[in-house]
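Structure first, commentary second.
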Amino acid sequence: MELAGNIKDFSVIEICQFIWISKRTGKLMLHLEESGRRFESSLFFATGSITASFTDIMKGKDAFFAICEAESGSFRFIGDEMSAETNIITSMDQLLLEASGRIKLYETLRREIPTPNIVYSISPDFNTYNLVFDRNQWVVIALVDGKNSLGEISKELGLPEFDVMRIFYSLLQVGVARRLAIKIPQISASGSTEKKSIISKIIDYLRGL
Amino acid sequence: MKRVKILVSGPFASGKTSLISTISEIPVIRTEKVVTDETKQVKYQTTVALDFGRITIDENLVLFIFGTPGQERFSYMWDVLSVGAVGIVLMVDATDYKSVIHAKRYISYFLPRLKVPCVIAANKQDLSGALSPKQIHKMLSLDDSIEVIPCIATQKESVKTLLIKMFEIVDHLGLVKEEDYDFPQNSKTPI
């Protein structure tokens, strides 16, 4: 029986559970869409357990979680295809448990942050004297400027969008950040930037302030 | 995106937070506590960890301004905050003789460690009795390579002039290579 369909009918976790129970070996091909971005990904199974996971930009557990969080797309299972690389060694029950927990958290985050295109700014009266931030929170705070969207900050830092959403959620909860606007992504015109030293640019900018 | 970091340091109540607030495009992220020791007669609140401001130069370049705590009992933050900075502004309260003398300690702390350009800001020049930059230069026994620049930390034009001067020195000396500017990748700072 061919295993194929749409993830709106069966979630990725449900499909993985089915493959796990039936102890199949092969490759699950997925064509997914998340926040308007389309990407291809694959999960490799050996007697039901996931051994490797790949998206266009990630691999391993991060890729698996990103696949589980996709909103829509299609899947097809190709039997007996193996991956040359093993990048997941977590047991299947642990992996599915983690993924389910993340999806629940993701849904909570999504209620507060419905799209990564939201632009935030630092609240004007914000004072950190009674707050303790970790390194990642500080890194995100440093890039909250009322211009960059959450998605852009995620790209800039090279952190998964989920992780940045989680950080933003915590910042929103304590009132550090506030929502400004939703940015419509634009294709930037590149290649015409003037070659100038960084310090000269700063000096010119300060002169023009 | 390139991130360039500068450090604003100096004795207690010398105007570090004011300077960052004046020039930063975002509300300054402050870590201030109500003063509980004898210094409360001078200032109601003091920075205990850092002040943070930023200026977006263009879509690929951001200037981060970090302010250190003024009270020496929070000096453990100095090392942490100074990593990756391309220049230092050392603030002194030109109306306070003790602040100027105190600045010597900052100079001897930062300059050997960072080996980046430093300018001294003779702050509060709008107040009567303020020492002139020349007097401060002499009091601190500075060599000619370190400039003392008049400053009023609450006035944007004055802060602009000060920062431009500091970056001109950074540019002139060329001590830091451009590939080192993107400090978060290279540094061990928490930020």
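Since we're looking at a predicted model, the values are computed, not measured. Just so we're on the same page: letters track the sequence lines, and every chain starts at 1. Atoms considered below: every heavy atom in the structure, side chains included; atoms not considered: hydrogens, waters and symmetry mates.
Taking a 6.0 Å sphere around CD1 of B:Ile101, one finds it holds more than 12 heavy atoms contributed by other residues, nucleotides or ligands. Remark: A:Phe162 CZ is packed, more than 12 non-hydrogen atoms of other residues, nucleotides or ligands lying under 6.0 Å away.
Proximity to chain A involves both the backbone and the side chain of B:Ile57, based on heavy atoms less than 4.5 angstrom apart. Contact of B:Ile164 with chain A is made through backbone and side chain together, with heavy-atom distances under 4.5 Å. If you measure heavy-atom distances from B:Leu61 to chain A, the contacts under 4.5 Å come from the side chain alone.
When side chains are defined from C-beta on, B:Glu59 does not count as touching A:Glu152, because their heavy atoms never get closer than 4.5 Å. Contact check for B:Glu157 versus A:Leu209: no side-chain heavy atoms found under the 4.5 Å cut-off.
Proximity of a side-chain donor or acceptor of B:Arg54 to a complementary backbone N or O of A:Ala142 within less than 3.5 Å is detected. Between the side chain of A:Tyr205 and the main chain of B:Ile55, no donor-acceptor pair closer than 3.5 Å is present.
Between B:Lys160 and A:Arg207, the shortest heavy-atom distance links the atoms NZ-O, 3.4 Å. Nearest heavy atoms, A:Ile202 versus B:Leu63: CG2-CD2, 4.2 Å.
Rounded to the nearest 0.5 angstrom, B:Phe64 CZ and A:Leu143 CG are separated by 5.0 Å. Here A:Leu206 contributes atom CG and B:Lys165 contributes atom NZ; the two are 14.0 Å apart, rounded to the nearest 0.5 Å. Expressed to the nearest 0.5 Å, how far CD of B:Glu168 lies from OG of A:Ser200 amounts to 10.0 Å. In this structure, the separation between CD1 on B:Ile26 and CD1 on A:Ile122 is 5.5 Å, given to the nearest 0.5 Å.
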